[in-house]
Number of protein chains: 2
Amino acid sequence: MVTAMTAEPQTKILVVDDEQMLLDMVADALTFAGFAVTVAADGITALNSVRGERPDLVILDVNMPEPDGFQVARSLRATYPDLPVLFLTARSDIEDLRTGFESGGDDYLTKPFRLEELRLRVGALLRRRGSAEPSAVMRCGDLTMNDRQHLVMRDGEEIELSPTEYRLLHYLLSNTGQVLERPQILEAVWGYEYGDSVLETAISQLRKKVDAGRPKLIHTVRGFGYALRPPP
Amino acid sequence: MVTAMTAEPQTKILVVDDEQMLLDMVADALTFAGFAVTVAADGITALNSVRGERPDLVILDVNMPEPDGFQVARSLRATYPDLPVLFLTARSDIEDLRTGFESGGDDYLTKPFRLEELRLRVGALLRRRGSAEPSAVMRCGDLTMNDRQHLVMRDGEEIELSPTEYRLLHYLLSNTGQVLERPQILEAVWGYEYGDSVLETAISQLRKKVDAGRPKLIHTVRGFGYALRPPP
DNA sequence: GCGAAACCTCAGGGTTTTCTCAGCGGCCCG
DNA sequence: CGGGCCGCTGAGAAAACCCTGAGGTTTCGC
C-alpha cells in the first residue's frame with residue numbers, strides 16, 4: 001500500500017457513486033483540496049468501507065441501484081450516529097430532500113453543482129464535527145462497548161456478538177436511558193421493511209448474552225419498545 | 001382545530017432580514033413548524049437579540065446595510081462558537097458562498113428557496129447540535145413525566161403505568177390546567193369508536209396510582225370532562 | 001462446493017392489559 | 001327530601017403483547 005506517508009492525520013472522506021465519471025471528478029477535487037479520499041461504486045461496498053476505513057465524512061449519491069443513498073445513510077446512522085453525511089442527487093424534488101434529511105443527512109446538494117461549493121460545504125460539516133468528538137467507548141452500568149476495537153465487555157468478561165446483535169446493542173447504547181420504539185429501532189438497525197418478530201428474536205438473543213444471570217440492562221417497556229438502563 | 005403532535009420545550013430561532021416581507025414569511029413558516037421565532041431587521045438588533053434570547057440557531061440574510069450578514073456571523077462566531085448559522089442570500093455567486101462559509105456559516109441557501117427546504121435544513125443543523133433534544137420533561141405540581149425515558153414520578157417516587165394510563169396522563173400533562181372534554185380525550189388517546197366507560201375506568205386506575213393519598217391533581221369537571229391542575 | 005454461522009419467519013403459550021358491564025354513591029334540582 | 005342523572009369502581013372475559021424455540025434459507029469462509 002503506497003498511500004500517504006504524511007505524519008499528519010489526514011481527514012478521510014468516502015465518496016459513493018455508481019457513475020464513474022462523477023465519482024472521479026469529485027474524488028479528484030477533494031484530493032486536490034487535501035483530503036484523503038476513498039471511493040465506492042455501490043452501497044454495499046460503501047458500508048464495508050466505512051467499517052474498515054473509518055472516514056470522517058461520507059458523500060453519498062442518492063440514485064444508485066440496490067441499497068440507494070438513503071438506505072445506506074439510514075444504515076450508517078444506526079452504527080455511526082456522529083458521521084456526517086452529504087447527499088448528491090440529480091433530482092431536486094422536494095420529496096427527495098425530505099427523505100434525505102429524514103434519513104439522517106446533514107447536507108444535500110443537487111446536480112449540477114460546482115465542485116467549489118461541494119468543497120466548502122464539506123469544510124463546514126467537518127468544522128462542526130471536530131468540536132464534538134466523544135470517546136469511542138460507550139457504557140451502561142458495567143457493560144462497555146469499544147467501538148473501535150469492536151469489543152463488548154460486561155463486568156470484565158468479553159461478550160461475543162453476531163453482527164446484527166452488535167448493531168442492535170450499539171444503537172441501544174448510543175441512546176442509553178431512552179425508551180426506543182420498535183419502528184425506530186427497526187429503521188435504524190435493519191432499515192425498514194421488516195416485521196417486529198425480527199427485533200424480538202434479536203432482543204431475545206442479545207439478552208441471553210448480555211443479561212445472563214446478571215442484573216437486567218435491557219428492559220421491555222410494554223406497549224412502546226425497549227430501553228437500556230443501568231441497574232440502580 | 002389542530003390536534004398538535006408534540007409540545008416540545010420550544011427550540012428558539014432568530015431570523016434576521018431587512019426585507020419585511022421575507023422576514024414575515026420565514027418567521028411564519030418556522031413558527032408553524034413549531035419553533036419559537038424571534039426576528040430582527042438589522043445586524044445590530046440581531047446581535048443584541050442573541051445576547052438576550054440565546055437562540056439555538058440564527059438565520060441571517062446576507063444582503064443588509066451596515067453590518068451585513070457576514071459581519072454579523074463573524075461577530076457571533078467569536079462569542080458563540082457553537083451557535084449554528086444559516087445564510088440566506090439572493091446572489092448565488094461563488095464568491096459569496098466562500099465568504100459565507102469562511103465567516104463561520106454552517107449552511108447557505110440562495111433565494112428563491114422553498115420554505116420546506118429551509119425547514120429541513122434547519123432541522124438538520126439542530127439535530128447535529130443536539131439542540132433538537134427536547135428536555136421533554138413535563139410537570140404539574142410535584143408530578144413529573146420524562147417522556148424520553150418514559151419515567152413518571154410524583155414527589156420523588158417512581159410511578160409505574162400501563163400503556164393506556166401513560167398515554168392518558170401524557171395527554172393531560174400536555175394540556176395542564178385546561179378542562180378537556182371527554183370526546184376530545186377519547187379521540188386523542190384511544191382514537192374514537194369507544195364509549196365513555198373506557199375513559200372513566202382509566203381515570204379511576206390513574207387516580208389510584210397518581211393521586212394516592214396525596215393532594216388531588218386529577219379533577220373531575222362535572223358535565224364536561226377532566227382537568228389536571230396543580231394544588232393551590 | 002461444503003459446512004457453519006447468521007438470519008428471518010412463524011406459531012405456541014404465558015402474562016399483562018383493556019374493555020364491558022352492572023351496581024353503588026353522590027350531586028343537583030325540583 | 002327524594003328522584004334522576006352522572007360518575008366511580010370492581011370483577012371477569014377477551015384481546016393484545018411479548019418471549020422463545022424450531023425450521024428453512026441465505027451468506028460467508030475455507
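Sequence lines set the chain letters: A, B, ... in the order given, protein chains first and strands last, and positions in each chain run from 1.
- Regarding contacts with the backbone of D:dC6, every side-chain N or O of B:Y226 stays at 4.0 angstrom or more from both OP1 and OP2.
- Taking side-chain N and O atoms only, A:W190 has no distance below 4.0 Å to OP1 or OP2 of C:dC7.
- Side-chain proximity of B:P163 to D:dC19, C:dC7, C:dT18: nearest is C:dT18.
- Across all strands shown, B:G195 has no heavy atoms under 4.0 Å from either base or sugar-phosphate atoms.
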Query raised in the report: Does the side-chain contact (heavy atoms from CB on, under 4.5 Å) test come out yes or no for A:L23 and A:D18, once each step is laid out?
Result: CA-CA 7 Å; A:L23 188 61; A:D18 61 335; over 6 Å; no

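- A salt bridge is defined here as a Lys NZ or Arg NE, NH1 or NH2 lying under 4.0 Å from an Asp or Glu carboxylate O, and A:E200 with A:R182 meets this definition.
- Regarding contacts with the backbone of D:dG7, every side-chain N or O of B:R222 stays at 4.0 angstrom or more from both OP1 and OP2.
- Closest contact between the side chain of A:T201 and the listed nucleotides C:dC10, C:dA6, D:dC17 involves C:dC10.
- Among the nucleotides C:dC10, C:dA6, C:dC27, the one closest to any side-chain atom of A:S197 is C:dC10.
- The side chain of B:Y194 lies closest to C:dC19 when the candidates are C:dC19, D:dC18, C:dA6.
- The stretch residues 169-177 of chain A does not touch DNA chain C, since none of its heavy atoms comes less than 4.0 Å from the strand.
- In this structure, the side chains of A:I13 and A:D56 stay at 4.5 Å or more apart for every pair of heavy atoms.
- Across the interface with DNA chain D, nearest-nucleotide mapping of B:R182 and B:Q205 shows B:R182 to be the residue nearer the 5′ end.
- A search for ring-ring contact (aromatic ring centres under 6.0 Å, His included) contacts involving A:F70 returns A:F87, not counting sequence neighbours.
- Between the CG atom of A:L199 and the P atom of C:dT9 there is a distance of 12 Å, given to the nearest Å.
- Formation of a donor-acceptor pair under 3.5 Å by the B:R214 side chain with backbone atoms of B:D142 is not found in this model.
- Counting only heavy atoms from C-beta outward, the side chains of A:P55 and A:V50 approach each other to under 4.5 Å.
- Between C:dC7, C:dC8, D:dC19, one nucleotide has an atom nearer to the side chain of A:T164 than all others, and that is C:dC7.
- Using a distance-only test at 3.5 Å, with no hydrogens or angles considered, a donor-acceptor pair links the side chain of B:T31 to the main chain of B:A27.
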